[in-house]
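Notes follow the structure.
Just so you know, these numbers come straight off a predicted model, no measurement behind them. Read the numbers this way: they start at 1 and go in the same order the structure lists the ligands and their atoms.
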Amino acid sequence: MADCIFCRIIAGKIPGDFVYQDDRAVVIRDINPQAPKHLLVMPKEHIASLVQTGSGQRDLLGHLIHVANEVARSEGLSERGYRVAVNCGREGGQLVPHIHFHVLGGRQLSGSLG
Ligand code: 5GP
Ligand code: ZN
């Protein structure tokens, strides 16, 4: 997707701070971190949102959660804990329409999700 900011980062057209890459997924650091560690786990394939996924994306979604857990471990978050969050659509607070899982950690996160 030529006009998708995350597709442009994945394609190397604009810079990104890459933490992990494999054939299906990439992890970058969030440009505006909300915690000492704030990573974005996303598929290389352009999928706009979680709401666009179905049974055909089950393996990919499982892989993205697995990658989130692995990068949390490699970033030293496993022992103290971390949060994985997906914003979905307008009222879900999603600003970038390329599906991504936030991985947040390195400070005590509040219990509130809203
Ligand atoms: P959303 O609200 O869509 O769930 O979150 C989008 C996230 O992408 C935000 O946390 C925002 O800081 C991050 N973001 C937006 N533009 C860029 C960018 O160009 N590079 C990086 N690394 N993160 C970005
Ligand atoms: Zn995209």
Close N or O approach ([X], ligand 1; < 3.5 Å):
X: L95; value: yes
X: I28; value: no
X: H38; value: no
X: N87; value: yes

Sequence neighbours excluded, every pair satisfying side-chain hydrogen bond (donor to acceptor under 3.5 Å, both in side chains) that has a member inside residues 56-67: D22-H63, R24-H63
Taking atom [atom1] of [X] and atom [atom2] of [Y], what is their separation to the nearest 0.5 Å?
X: L61; Y: S55; atom1: CG; atom2: OG; answer: 10.5 Å
X: I99; Y: N87; atom1: CD1; atom2: CG; answer: 11.0 Å
X: Q52; Y: H46; atom1: CD; atom2: NE2; answer: 8.0 Å
X: S49; Y: H98; atom1: OG; atom2: NE2; answer: 11.5 Å
X: F101; Y: L50; atom1: CZ; atom2: CG; answer: 6.0 Å
X: I14; Y: R8; atom1: CD1; atom2: CZ; answer: 5.5 Å

Does L95 sit in a hydrophobic cluster with other residues, and if so which ones, taking ILVMFWY side chains as linked at heavy-atom separations under 4.5 Å, directly or through other members? none
With atoms numbered from 1 as shown, which atoms in ligand 1 lie under 4.0 angstrom from a non-hydrogen atom of [X]?
X: N32; value: 12 (O)
X: H102; value: 1 (P), 4 (O), 5 (O), 7 (C), 10 (O)
X: I5; value: 19 (O)

Looking at A68 and V84, what are the two nearest heavy atoms and their distance? CB-CG2, 4.3 Å
Closest heavy-atom pair, L77 versus Y82, reported as atoms and distance to 0.1 Å, is O-CD2, 3.9 Å
Would you check, one step at a time, whether the test side chain to side chain contact (heavy atoms under 4.5 Å, CB included) holds for E75 with R29? CA-CA 11 Å; E75 291 286 313; R29 294 191 196 281; 3.1 Å; yes
Any idea which part of [X] is under 4.0 Å from ligand 1, heavy-atom wise: side chain, backbone, both or neither?
X: V96; value: both
X: I9; value: side chain
X: F6; value: side chain
X: L40; value: side chain

Tally, protein N/O/S atoms nearer to the Zn ion (ligand 2) than 2.8 Å: 4
Where is the nearest protein heavy atom to [atom]: which residue, which atom, and how far?
atom: atom 1 (P) of ligand 1; answer: H100 NE2, 3.2 Å
atom: atom 24 (C) of ligand 1; answer: I31 CG2, 3.5 Å
atom: atom 2 (O) of ligand 1; answer: G93 O, 2.9 Å
atom: atom 11 (C) of ligand 1; answer: D30 OD1, 3.4 Å
atom: atom 22 (N) of ligand 1; answer: R29 O, 2.9 Å

When you look at L39 and V27, which way does the side chain to side chain contact (heavy atoms under 4.5 Å, CB included) test go after all the steps? CA-CA 7 Å; L39 309 168; V27 183; 3.8 Å; yes
Under-4.0 Å salt bridge between R73 and E79: no
Take every heavy atom of G16, measure it against each atom of ligand 1, and state whether any distance is under 4.0 Å. no
By ring pair (Phe, Tyr, Trp, His ring centres under 6.0 Å) - contacts of H102 (at least two apart): H38, H100
